[in-house]
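In this chain, residues are counted from 1 in sequence order. Since the model is a prediction, treat every value here as computed from it, not as a measurement.
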Amino acid sequence: VTGVQTCALPISKRQSVTGLLVGSEVRVPKETIKRMRALFYNIEKHGKDVVEEKIGSDPLAVARGYWSFLFMVNPTVANRYLKKHKWLRS
C-alpha cells in the first residue's frame, strides 16, 4: 500500500456528521457498533430485566433504536444482525 493511495486519519481528524463517518462511503463508527453488540449480548446473556435495571430504560427499545440507526446507514449489515438476533423483530 502506497502513501498516495492510503490516508489514515487520527480520531481527531475524522470527518463526522451527526454521528456518522463520511468519506468515500457513509458508515457507522466502530464505537457505536461495539456498544450495540454489547447491548445485544447483555440482553441475551443476562435477560431484559437485569439490563433494564442497569441502563434505566427499556433495553429492547434501545436495541431496536441502535438497529434502526444501522439499517438507515447500511441495510446489508443491519439485516445480518436481524438474522442473528430474531428478538429484534417483535
Side-chain angles (χ1 to χ4, degrees):
V1 180
T2 65
V4 175
Q5 296 172 341
T6 305
C7 180
L9 297 175
I11 290 175
S12 62
K13 300 288 183 186
R14 289 192 299 188
Q15 295 178 338
S16 175
V17 178
T18 63
L20 297 174
L21 296 175
V22 294
S24 60
E25 62 182 27
V26 178
R27 62 186 182 88
V28 177
K30 189 184 296 186
E31 297 84 15
T32 304
I33 297 290
K34 283 184 176 184
R35 270 183 275 154
M36 180 184 76
R37 290 181 62 206
L39 177 64
F40 290 178
Y41 172 81
N42 283 323
I43 290 171
E44 290 177 353
K45 181 171 183 180
H46 303 293
K48 175 186 174 262
D49 296 331
V50 173
V51 177
E52 185 171 2
E53 276 183 31
K54 187 174 181 179
I55 66 173
S57 60
D58 182 19
L60 296 180
V62 175
R64 288 186 190 111
Y66 270 123
W67 182 84
S68 296
F69 180 66
L70 182 61
F71 184 79
M72 176 184 68
V73 177
N74 193 339
T76 307
V77 174
N79 284 329
R80 278 192 265 152
Y81 283 102
L82 191 61
K83 286 179 185 175
K84 186 174 182 182
H85 307 285
K86 298 191 185 316
W87 49 266
L88 283 168
R89 294 179 190 208
S90 56

Using a 4.5 Å cut-off on heavy atoms from C-beta on, say whether the side chain of Leu82 contacts that of Phe71. no
Kindly indicate, with the supporting measurements, whether the criterion side chain to side chain contact (heavy atoms under 4.5 Å, CB included) is fulfilled by Leu21 and Val28. CA-CA 6 Å; Leu21 296 175; Val28 177; over 6 Å; no
To the nearest 0.5 Å, tell me how far Arg37 CZ sits from His85 NE2. 8.0 Å
Give, for atom CG of Leu60 and atom CH2 of Trp67, the distance between the pair rounded to the nearest 0.5 Å. 14.5 Å
Output yes when a side-chain donor or acceptor of Asn74 lies under 3.5 Å from a complementary backbone atom of Leu70, and no otherwise. no
Between Trp87 and Arg64, what is the shortest heavy-atom contact and its length? O-NH2, 3.7 Å
Assigning hydrophobic clusters by single linkage (Ile, Leu, Val, Met, Phe, Trp, Tyr; side-chain heavy-atom cutoff under 4.5 Å), is Leu39 placed with Val50? no
Ignoring hydrogens, what is the shortest heavy-atom contact between Met36 and Tyr66? Give both atom names and the distance. CG-CB, 3.6 Å
Let me confirm one number: the NE2-CD distance from His46 to Glu52, rounded to the nearest 0.5 Å. 15.5 Å
Thr32 side, atom OG1; Phe69 side, atom CZ - distance, nearest 0.5 Å: 6.0 Å
Within a strict 4.5 Å, meaning less than it, do heavy atoms of the Ile33 and Tyr81 side chains meet? yes
Linked, directly or transitively: Tyr41 and Val51 (ILVMFWY side chains, under 4.5 Å): no
What one should report as the nearest heavy-atom pair of Arg27 and Val73 is CA-CG1, 3.9 Å
Shortest non-hydrogen contact from Leu20 toward Pro29: CA-CD, 4.3 Å
